[in-house]
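In what follows, a single structure is set out as structure tokens and then discussed.
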Amino acid sequence: MGDATTAGRPETATAPESTAPESTEPVPPGLDEAGLRLDVDGAVATVTLNRPERRNAMTFATWRGLAAIGRSLPAGVRVVVLRGEGPSFSAGIDLGMFSGGGGGGGGEGFTDGSDAEGTDRFIAELQEGYTWLRRPDIVSVAAVHGHAIGAGFQLALACDIRVIAEDAKFCMKEPALGLVPDLTGTKPLVELVGVGRALELCLTARTVLADEAARIGLAETVVPRDGLDGAVRDLAQALLAVNPGAAAATKRLLWQAAENTLDEQCAAERREQIGRLREVFGS
């Protein structure tokens, strides 16, 4: 669960079948205390990790806040941008939670693992803060600069697209601390770089710089630090130019492709296209 530093996806490759939740509840309260900020501008929602004084180190409250944002996201949102305030995207989990110095709270139900069922439920609630980012009705974009360690690395991996600055530094720290990455990061990491490279990155806990990240598939685009916000804005506008129904259907198809046989994928394409034809031509 995170990388246990103080500073410093779903079970299959298919996207979840659910689309935007029917709930019309308002933006969840308590985001400030969770170190989060949510800004919605039309069809674009920007979620900012907002604890720059702690390099956006995450707490249990942060993950619960991310899950709450996913549950209450306005139905018209089509692009979700994840970014970090200050010098880093996120330095991972805030160990201050365990020493009393980190604040943030939200750890109700946390156990030392002796209660297996309780711990399973607790971690599943935290994972919800990540899994909604693969919903087919949205495209999630991680705008990464500075450190993205452990839980921060996994948050970037949970997004559909990663645009990173030249100063980005990725590290999967958990195994070096006696833990495992448990915030949905292992599946997308393997999907992006393969099992061998994923093993090497996790079991050495080494830092991956921006140029290597792009070369091995961890990032789609690398830009100068001062060009990150502009590059993400341009990408969001390009994504919004596509028909929303076609975008959601295509995302579903692409997430299925890796695990489908050719025949299964051909059938999935036919099913999605029938839906699109009915909508486009009104039949």
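Computed over heavy atoms, backbone and side chain alike; hydrogens, waters and symmetry mates excluded. Numbers here are sequence positions counted from 1.
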Would you say the side-chain atoms of [X] pair up with the backbone N or O of [Y], donor to acceptor, closer than 3.5 Å?
X      : Y      : result
Arg51  : Ala57  : yes
His145 : Gly86  : yes
Arg225 : Gly146 : no
Asn56  : Gly84  : no
Thr62  : Gly35  : no
Glu264 : Thr261 : yes
Glu212 : Val208 : no

Interatomic spacing from [atom1] in [X] to [atom2] in [Y] - rounded to 0.5 Å:
X      : Y      : atom1 : atom2 : value
Gln127 : Trp63  : CD    : CH2   : 11.0 Å
Arg271 : Cys266 : CZ    : SG    : 11.0 Å
Gln256 : Gln265 : CD    : CD    : 6.0 Å
Cys159 : Ile138 : SG    : CD1   : 8.5 Å
Leu201 : Thr207 : CG    : OG1   : 10.5 Å
Leu157 : Thr184 : CG    : OG1   : 8.0 Å

Grab the two heavy atoms, one from [X] and one from [Y], that are nearest each other, plus how far apart they are.
X      : Y      : answer
Ala158 : Leu133 : O-CB, 3.7 Å
Ala210 : Ala165 : CB-O, 3.5 Å
Glu272 : Ala249 : OE1-CB, 3.4 Å
Ala156 : Ala142 : CA-CB, 3.9 Å
Val139 : Asp160 : CA-OD2, 3.4 Å
Ala219 : Ile164 : CB-CD1, 3.6 Å

Worksheet item: In terms of side-chain heavy atoms, does Asp94 have a donor or acceptor partner in Thr59 at a distance below 3.5 Å?
Response: no
Practice prompt. Could you verify whether a donor N or O on one side chain and an acceptor N or O on the other, from Gln154 and Glu174, lie under 3.5 Å apart?
Written response: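 Short answer, yes.
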Worksheet item: Do the charged groups of Glu128 and Arg71 touch, with an N to O distance under 4.0 Å?
Response: yes
Discussion item. Using a strict threshold of under 4.0 Å (side-chain N to carboxylate O), is an ion pair present between Arg78 and Asp137?
Written reply: no
Worksheet item: Using links of under 4.5 Å between side-chain heavy atoms of ILVMFWY residues, direct or through other members, which residues join Leu203 in one cluster?
Response: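 Via sub-4.5 Å side-chain contacts, Leu203 links to Val190, Val195, Leu199.
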Worksheet item: With ILVMFWY side chains joined below 4.5 Å, transitively, what does Leu253's cluster contain besides itself?
Response: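 Traced through the cluster, Leu253 reaches no other member.
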Residue pairs fulfilling ring pair (Phe, Tyr, Trp, His ring centres under 6.0 Å) with at least one residue in [range], sequence neighbours excluded:
range            : result
residues 181-215 : none
residues 173-209 : none
residues 154-190 : Phe153-Phe170

Does [X] reach the side chain of [Y], with side-chain heavy atoms less than 4.5 Å apart?
X      : Y      : result
Met58  : Ser90  : yes
Leu155 : Leu66  : yes
Leu179 : Lys173 : no
Leu126 : Leu183 : yes
Glu166 : Val222 : yes
Ile149 : Phe89  : no
Leu218 : Leu189 : yes
Val40  : Val77  : yes

Worksheet item: side-chain contact (heavy atoms from CB on, under 4.5 Å) between Glu191 and Trp255: does it pass, once the steps are laid out?
Response: CA-CA 10 Å; Glu191 290 170 345; Trp255 278 120; 3.5 Å; yes
Kindly write out the residues that satisfy side chain to side chain donor-acceptor pair (under 3.5 Å) with [X], not counting sequence neighbours, or none if the list is empty.
X      : result
Asp167 : none
Glu85  : Arg37, Arg83
Glu200 : Arg197, Arg206

Discussion item. Using side-chain contact (heavy atoms from CB on, under 4.5 Å), reason through Thr186 and Met172 one step at a time and then give a plain yes or no.
Written reply: CA-CA 10 Å; Thr186 56; Met172 198 67 84; over 6 Å; no
Item to complete: Treating Ile, Leu, Val, Met, Phe, Trp and Tyr as nodes and any side-chain heavy-atom pair under 4.5 angstrom as an edge, say whether Leu277 and Ile274 lie in one connected cluster.
Response: no
Could you tell me which residues satisfy side chain to side chain contact (heavy atoms under 4.5 Å, CB included) with [X], sequence neighbours excluded, listed by chain and number?
X      : answer
Glu117 : Asp115, Arg121
Pro87  : Arg55
Thr250 : Leu254

Item to complete: Please lay out, stage by stage, how Val163 and Glu220 fare under the test side-chain contact (heavy atoms from CB on, under 4.5 Å).
Response: CA-CA 6 Å; Val163 180; Glu220 280 65 50; 5.8 Å; no
Practice prompt. Could you walk me through whether Val47 and Val80 pass the side-chain contact (heavy atoms from CB on, under 4.5 Å) test, one step at a time?
Written response: CA-CA 7 Å; Val47 180; Val80 177; 4.1 Å; yes
List the atom pairs, with distances to 0.1 Å, where a side-chain N or O of residues 228-245 and a protein N or O form a donor-acceptor pair under 3.5 Å, not counting sequence neighbours.
| from | atom 1 | to | atom 2 | distance (Å) |
| --- | --- | --- | --- | --- |
| Asn243 | OD1 | Gly245 | N | 2.9 |
| Asn243 | OD1 | Ala246 | N | 2.8 |
| Asn243 | OD1 | Arg276 | NH2 | 2.9 |

